[in-house]
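Right, I'll just put the structure down here and ask away after.
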Amino acid sequence: MTSQSAHPVLHGAVLGLGMIGRHHARLLQTSPRVAFAGAVDPVGDRHGTLQDPARLFESIAALLAAGPVDFAVVAVPTEEHLVAVQELTAAGVHVLVEKPLAATEADALAVIAAVEGAGLHGAVGHVERCNPALLELRRRLNAGEIGRPFLIATERIGPFPDRIRDVGVVKDLATHDLDLVRWLGGAPVTQVAAQVQHRMGREHEDVMLATGRLASDVAFNCVVDWLSPTKVRRTRVLGERGMFVADTLNADLAFYANGTVSNEWGAAEQARGVSEGDMTRFALARREPLLVELEAFCDLLQGIEGTGTAVTLREGLETVRCAEAVLRSASTGSAQALEG
Ligand SMILES: NC(=O)c1ccc[n+]([C@@H]2O[C@H](COP(=O)([O-])OP(=O)(O)OC[C@H]3O[C@@H](n4cnc5c(N)ncnc54)[C@H](O)[C@@H]3O)[C@@H](O)[C@H]2O)c1
């Protein structure tokens with residue numbers, strides 16, 4: 001283990017200056033750990049993100065010809081992840097690939113083969129794992145604060161972002177949830193049953209309801225859509241001693257304890273199981289999740305033992321597999337088993 005200051009800066013680039021890529025570019029241009037190598041986007045710098053217009057390139061080949069590149073953030077549309085990764089890894093560039101790792105299981109396996117075959121590092125941008133509310137929730141969960149957890153429920157709803165054309169809500173948005181339930185529950189998904197709906201007349205689905213179980217016997221439920229006229233990002237973990245509720249839009253975390261005070265007023269509720277106890281809202285240090293993710297990736301490249309939030313390519317593959325099981329379940333009407 002070495003400290004950050006013992007390492008030279010890393011030359012980092014970004015592919016795609018869209019909705020998420022522009023934020024990666026902002027961080028690459030300001031992080032003291034990174035020398036910004038440039039950005040590739042055939043459409044240009046639409047959001048005016050680049051401090052130096054000369055750092056915009058039309059192709060990966062042009063980027064690589066302009067100077068050293070140690071790593072690149074792949075923030076192109078999901079269906080194009082594989083081709084970008086193959087070109088980058090062939091040139092010896094480490095990759096932080098936006099979530100989902102790829103559009104299909106076959107592509108995800110090919111991404112892993114490209115990275116591992118070249119002896120490089122790769123990670124997946126499941127950035128919700130870097131959200132302060134969820135990091136703190138998981139820390140408290142692992143410290144046993146609610147005893148044994150038995151249910152994880154997520155809700156991720158909101159209006160349709162018109163730019164997503166290549167995949168539906170399951171692979172785009174719900175991969176956050178399918179990754180989260182496993183990460184929080186500490187075990188892989190073993191079974192999933194799902195419903196989807198196509199309400200907007202697009203090729204891909206825009207609503208997902210999925211329910212399932214982890215190898216740790218925790219049950220989960222995820223409600224995800226692109227149809228709601230308000231944005232909600234909520235994760236609930238219920239256990240023996242109470243319930244955590246994380247709001248990842250505002251990075252808020254609250255704990256609702258099971259009640260211990262008995263009185264006549266609550267007698268009827270107690271007969272049904274639990275009663276209401278104290279509620280605590282935690283004060284959190286709210287670091288920008290994308291920056292936490294970038295730092296974890298730099299730690300990985302430099303062999304620094306950090307917070308351990310870099311999501312492995314194999315975890316990314318598991319999530320893509322789970323998303324495909326959700327779609328299979330929705331189209332066949334039967335629950336799908338996954339290898340735990
Ligand atoms: N982690 C998150 O919370 C999060 C949020 C949004 C998007 N994403 C993921 O990021 C990826 C991009 O999504 P987005 O919403 O930013 O899409 P977007 O459409 O807003 O941006 C994609 C950009 O990539 C560019 N592009 C296309 N092909 C390219 C190529 N071959 N080389 C370089 N640039 C290319 C496009 O011109 C566009 O500017 C998707 O995989 C998506 O799932 C993750």
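Because only heavy atoms are used, hydrogens play no part in the values below, and waters and symmetry mates are left out as well, while side chains stay in. Ligands are counted one by one from 1 in listed order, and the atoms in each one are counted from 1 as well.
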Any H176 heavy atom less than 4.0 Å from ligand 1: yes
Which of the numbered atoms in ligand 1 are below 4.0 angstrom from a heavy atom of V43? 37 (O)
Nearest protein heavy atom with distance in Å, relative to atom 5 (C) of ligand 1: I20 CD1, 3.7 Å
Which bit of I60 is near ligand 1, meaning a heavy atom under 4.0 Å away: side chain, backbone, both or neither? neither
Out of all atoms in ligand 1, which are within 4.0 Å of some heavy atom of V40? Include the element for each. 33 (C), 34 (N)
Which of the ligand 1 atoms, numbered from 1, are nearer than 4.0 Å to a heavy atom of E80: 27 (C), 28 (N), 29 (C), 30 (C), 31 (N)
Please confirm whether P42 comes under 4.0 Å of ligand 1, counting heavy atoms of the residue only. yes
What atoms of ligand 1 come closer than 4.0 angstrom to any heavy atom of G125? 1 (N)
Under 4.0 Å, heavy-atom basis, I'd like to know which part of E98 is in contact with ligand 1: side chain, backbone, both or neither. side chain
Closest to atom 38 (C) of ligand 1 among protein heavy atoms sits R46 NH2, 3.2 Å
Over 12 foreign heavy atoms within 6.0 Å of CD, Q195: no
Contact (N/O only, under 3.5 Å) between V127 and ligand 1: no
Worked check of side chain to side chain donor-acceptor pair (under 3.5 Å) between T332 and S334: CA-CA 5 Å; T332 60; S334 56; 3.1 Å; yes
Could you list all the ring-ring contact (aromatic ring centres under 6.0 Å, His included) pairs where at least one residue sits in residues 138-187, not counting sequence neighbours? F160-W226
re atom 32 (N) of ligand 1, the protein heavy-atom contact at minimum distance is V76 CG1, 3.7 Å
Ranked by distance from atom 42 (C) of ligand 1, the top protein heavy atom is K99 O, 3.6 Å
Which ligand 1 atoms does D172 reach within 4.0 Å, using its non-hydrogen atoms? 43 (O)
Ion pair D299/R33, N-O distance below 4.0 Å: yes
List the atom pairs, with distances to 0.1 Å, where a side-chain N or O of residues 56-76 and a protein N or O form a donor-acceptor pair under 3.5 Å, not counting sequence neighbours.
{"unit_1": "S59", "atom_1": "OG", "unit_2": "A62", "atom_2": "N", "d": "3.1"}
{"unit_1": "D70", "atom_1": "OD2", "unit_2": "H11", "atom_2": "N", "d": "2.6"}
{"unit_1": "D70", "atom_1": "OD2", "unit_2": "H11", "atom_2": "ND1", "d": "3.3"}

